[in-house]
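Have a look at this one before I ask anything.
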Protein chains: 4
Amino acid sequence: MGRKSLAPVRRAEILKHFYEVLVKEGIEGASIARIAKHMGVYPGHITHYFKNKEEMLIELVESLMKEYAEQLIPQWEKIQDPGKRIHKILDMVFSVDWAEFFNNRVFFACFYLSLSNRKIHSLINQAYERFFRILTDEIENCIKPGISDKVDTAAIADMMIVQMEGISIYNIILRDKQRIEAASRMAKEIVLDLLNIDTG
Amino acid sequence: MGRKSLAPVRRAEILKHFYEVLVKEGIEGASIARIAKHMGVYPGHITHYFKNKEEMLIELVESLMKEYAEQLIPQWEKIQDPGKRIHKILDMVFSVDWAEFFNNRVFFACFYLSLSNRKIHSLINQAYERFFRILTDEIENCIKPGISDKVDTAAIADMMIVQMEGISIYNIILRDKQRIEAASRMAKEIVLDLLNIDTG
Amino acid sequence: MGRKSLAPVRRAEILKHFYEVLVKEGIEGASIARIAKHMGVYPGHITHYFKNKEEMLIELVESLMKEYAEQLIPQWEKIQDPGKRIHKILDMVFSVDWAEFFNNRVFFACFYLSLSNRKIHSLINQAYERFFRILTDEIENCIKPGISDKVDTAAIADMMIVQMEGISIYNIILRDKQRIEAASRMAKEIVLDLLNIDTG
Amino acid sequence: MGRKSLAPVRRAEILKHFYEVLVKEGIEGASIARIAKHMGVYPGHITHYFKNKEEMLIELVESLMKEYAEQLIPQWEKIQDPGKRIHKILDMVFSVDWAEFFNNRVFFACFYLSLSNRKIHSLINQAYERFFRILTDEIENCIKPGISDKVDTAAIADMMIVQMEGISIYNIILRDKQRIEAASRMAKEIVLDLLNIDTG
DNA sequence: GATGAATGAGTGTTCATTCAT
DNA sequence: GATGAATGAACACTCATTCAT
């Protein structure tokens with residue numbers, strides 16, 4: 001038998017360092033040479049595990065999108081009461097913290113690249129569609145008991161994402177916590193209103 | 001009197017080509033060498049007029065933000081009736097076309113760079129604050145005649161921008177015209193509702 | 001007795017793939033990595049069986065020269081009549097097909113390398129000396145019965161090789177079948193003339 | 001006015017160093033980095049004047065083929081007597097010195113590359129066609145006065161080139177001056193015979 | 001004012017080879 | 001015997017920038 005494959009481990013290591021360099025230096029600074037130096041290895045080490053930079057990039061986006069999903073749901077899955085649950089979700093999604101839950105440097109690097117790279121776009125698209133489905137499920141759950149009805153579940157889920165993203169960008173542009181928090185509260189009320197839930 | 005300086009003209013020319021290369025090749029492809037080739041000059045020509053790339057970049061963002069503002073207001077300034085006017089504004093801001101009014105490649109390149117460049121961030125921030133003021137003015141205008149009152153003008157303006165940006169991003173991610181148009185309509189209704197204006 | 005060594009088999013396999021890559025990609029493309037990929041193994045596999053690239057190269061030249069000789073003689077060994085035999089040899093050696101019997105890409109790669117590598121030069125030299133001896137033997141054979149005499153056997157053999165090689169190169173340069181065929185016919189007549197054999 | 005263009009000068013300089021490195025290190029060693037080091041400049045200097053390596057290579061082949069032609073004709077153009085002239089040409093073409101007039105390392109590098117590069121092949125082909133025309137002209141010249149007639153001029157010119165090339169290759173393979181000189185003499189006699197000229 | 005030569009560090013990628021399992 | 005991780009240098013080429021004319 002030959003030597004056992006370290007590829008999955010090494011690839012994960014490389015992606016970790018890639019992420020860190022991306023955070024520190026931005027996409028324009030995240031060169032293979034720089035990542036290698038940050039790892040303390042030679043550039044050849046990286047291209048040994050990823051046949052080229054694009055492959056590495058795509059794998060990073062893939063892993064990030066997966067990780068995001070994993071960190072998402074656990075936050076509210078322990079809450080049983082549908083009413084409290086939807087409140088929790090809205091609090092999270094429209095919070096400033098949430099807007100900074102993802103590293104902006106990394107997220108918008110990926111987002112920007114999705115404008116010209118079909119694969120990256122597809123990965124991000126899938127992640128959002130998954131998130132969309134989670135939201136529709138949650139909305140449906142809180143309607144059943146009669147808390148709200150006659151609502152266009154899908155439209156509201158889309159609206160939640162729209163507002164979430166809008167707050168995220170506007171937060172970056174304004175850097176004004178008070179205004180962003182006010183907007184977040186208003187967004188929450190709007191959604192609750194759409195759901196016919198008492199805003200209190 | 002001496003010869004008139006050609007610098008402003010040349011700088012504008014360079015920025016035009018910079019913009020075009022940015023659209024075609026993205027920020028990673030918009031190198032000085034590439035812009036020079038696109039112009040049919042030597043790289044030295046560009047660095048002769050801009051002391052370095054950052055200066056050129058900032059000037060581009062500056063001119064873009066200025067241009068955006070100039071193309072904005074004219075669109076509704078001829079409409080006298082305050083009610084129709086606010087409808088027009090909302091139709092514009094929440095339309096898919098509007099979301100693609102700015103070249104995404106260019107806008108998000110600038111936006112991404114604003115994450116690490118204070119000057120660029122400041123320029124974008126100022127542009128949005130200007131837009132914010134325009135919106136508050138318009139909202140106030142349409143309230144005065146009694147069409148709506150008791151509203152937090154600033155909060156609504158912020159909310160409009162949040163939704164506008166959210167739609168813009170979500171449009172890029174989804175690439176689903178129907179859903180985006182539905183979200184746009186809903187966003188408009190929400191704002192009209194906040195303004196206590198009949199949605200019809 | 002232990003397990004039988006697979007080394008000779010593996011080495012032959014590697015050389016086969018080396019040859020194929022050489023044909024397809026030329027000497028500059030025949031890297032160990034590329035050969036390994038073509039085989040579906042790791043580069044280490046190759047350097048495990050050949051201590052370095054030069055060794056592999058030399059072994060390839062060796063095997064090629066051997067193979068050439070093996071494919072050569074059988075072509076005319078069944079012909080008994082000395083006259084017909086020499087005609088057959090000349091027809092073969094001066095034919096366009098013969099000029100393309102060896103893969104040019106491979107042959108001239110080896111030939112080029114022989115300019116700087118003594119071992120490769122020596123191997124090629126030996127092959128040609130062997131061929132030279134075959135030719136002198138054949139010439140002598142066809143003289144004995146009185147078909148021709150008073151000829152400088154060695155000189156004619158050399159001349160045959162000279163013309164054969166000249167046709168080979170000129171064929172590559174011209175890519176003009178008619179002219180090459182004409183030259184081949186003329187070369188044959190010249191040799192027959194040197195051998196005092198009736199050209200017909 | 002800007003700075004005056006040094007491009008032709010620099011390009012020629014680079015080609016000179018390229019040639020020298022090619023002679024010393026072979027095609028595999030003639031990397032841009034190595035040529036740059038040999039010149040005492042940075043690699044960027046070279047790619048500033050040649051957009052890529054292929055362009056540089058083709059320009060080298062072009063200049064070599066041109067140079068060959070220029071050094072060729074002068075050698076016999078002063079000889080008036082057609083008989084002596086043709087003797088001189090044959091002496092030259094079939095001499096060992098002639099076979100080494102061109103640097104073999106360089107010539108066969110180019111020749112090898114012509115197997116896969118159309119442009120290089122075309123340049124070499126053109127050079128040989130030019131040489132072919134020179135030879136036919138010379139042959140015709142020496143026939144007119146009645147020295148020889150009823151000969152296929154073109155076929156003999158081709159034959160001369162075939163033998164010249166054959167001697168060149170065989171010289172490299174054998175490295176046996178005596179045999180090559182003997183072959184050269186014999187080649188000369190053959191051609192004179194074809195021309196119906198007394199071999200003396 | 002304008003051109004273009006020159007610099008020197010950088011890019012992603014591939015190389016032959018060695019070492020550990 | 002065989003596999004594959006790891007090395008370190010090299011590759012062709014591009015970069016932003018400076019300098020000389």
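Keep in mind it's a predicted model, so treat the numbers as computed, not measured. In what follows, every chain begins at residue 1, and chains take the letters A, B, ... in the order their sequences are listed.
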Response to the item:
When rounded to whole Å, the CZ to P distance for the pair A:Arg10 and F:dT7 reads 9 Å
Fill in: Geometric class of the C:Phe111/C:Phe108 ring pair [parallel <30°, tilted 30-60°, perpendicular >60°]
perpendicular
Discussion item. Could you check whether any side-chain heavy atom of D:Leu22 comes within less than 4.5 Å of a side-chain heavy atom of D:Leu60, counting everything from C-beta outward?
Written reply: yes
Worksheet entry | Side-chain touch B:Ile58/B:Phe50, heavy atoms, less than 4.5 angstrom | no
Item to complete: Without swapping roles, check the side chain of A:His121 against the backbone of B:Ile172 for a donor-acceptor pair under 3.5 Å.
Response: yes
Worksheet item: Is there a side-chain contact between A:Val21 and A:Lys37 (heavy atoms, below 4.5 Å)?
Response: no
Worksheet entry | Bracket string, DNA chain F, 5' to 3' - pairs by Watson-Crick or G-U geometry under 3.5 Å, | interstrand | .||||||||||||||||||||
Worksheet entry | Residues from residues 49-58 of chain D lying under 4.0 Å of DNA chain E - heavy atoms | D:Tyr49
Item to complete: Using heavy atoms and a sub-4.0 Å distance, could you list which residues of residues 32-39 of chain A are near DNA chain E? By number, please.
Response: A:Ile32, A:Ala33
Discussion item. So B:Val9 and B:Glu13, do their side chains get closer than 4.5 Å, heavy atoms only?
Written reply: yes
Please enumerate all protein N or O atoms sitting under 3.5 Å from an N or O of nucleotides 7-9 of chain E, with distances to 0.1 Å.
| unit_1 | atom_1 | unit_2 | atom_2 | d |
| --- | --- | --- | --- | --- |
| E:dG8 | O5' | D:Tyr42 | OH | 3.3 |

Fill in: B:Tyr112 (side chain) donor-acceptor with A:Ile27 (main chain) under 3.5 angstrom
yes
Discussion item. Please check this pair: side chain of C:Tyr68 against backbone of C:Ala127, looking for a donor-acceptor N/O pair closer than 3.5 Å.
Written reply: no
Practice prompt. Using atom CD of C:Glu28 as one end and atom P of E:dT14 as the other, report the distance to the nearest whole Å.
Written response: 15 Å
Practice prompt. Sort and list the pairs that fulfil salt bridge (Lys or Arg N to Asp or Glu O under 4.0 Å) and have at least one residue in residues 46-60 of chain B, not counting sequence neighbours.
Written response: B:Arg11-B:Glu55, B:Arg11-B:Glu59, B:Lys51-B:Glu55
Response to the item:
Taken to the nearest whole Å, CZ/C:Phe18 to C1'/E:dA16 is 13 Å
Worksheet, complete the sentence: Applied to residues 14-28 of chain C, the side-chain hydrogen bond (donor to acceptor under 3.5 Å, both in side chains) test, sequence neighbours excluded, yields none
Discussion item. So A:Ser31, base contact, sugar-phosphate only, or nothing? Heavy-atom distance under 4.0 Å.
Written reply: sugar-phosphate
Discussion item. Counting C-beta onward and ignoring hydrogens, is there a side-chain heavy-atom pair between C:Ile14 and C:His45 closer than 4.5 Å?
Written reply: yes
Worksheet item: Taking side chain as C-beta onward, heavy atoms only, is B:Gln126 less than 4.5 Å from B:Ser122?
Response: yes
Worksheet item: Rounded to whole angstrom units, what separation is found between the CD1 atom of B:Ile46 and the C1' atom of E:dT3?
Response: 13 Å
Worksheet item: For the side chain to side chain contact (heavy atoms under 4.5 Å, CB included) test, which of A:Val106, A:Ile35, A:Ile46 pairs with A:Phe18?
Response: A:Ile35
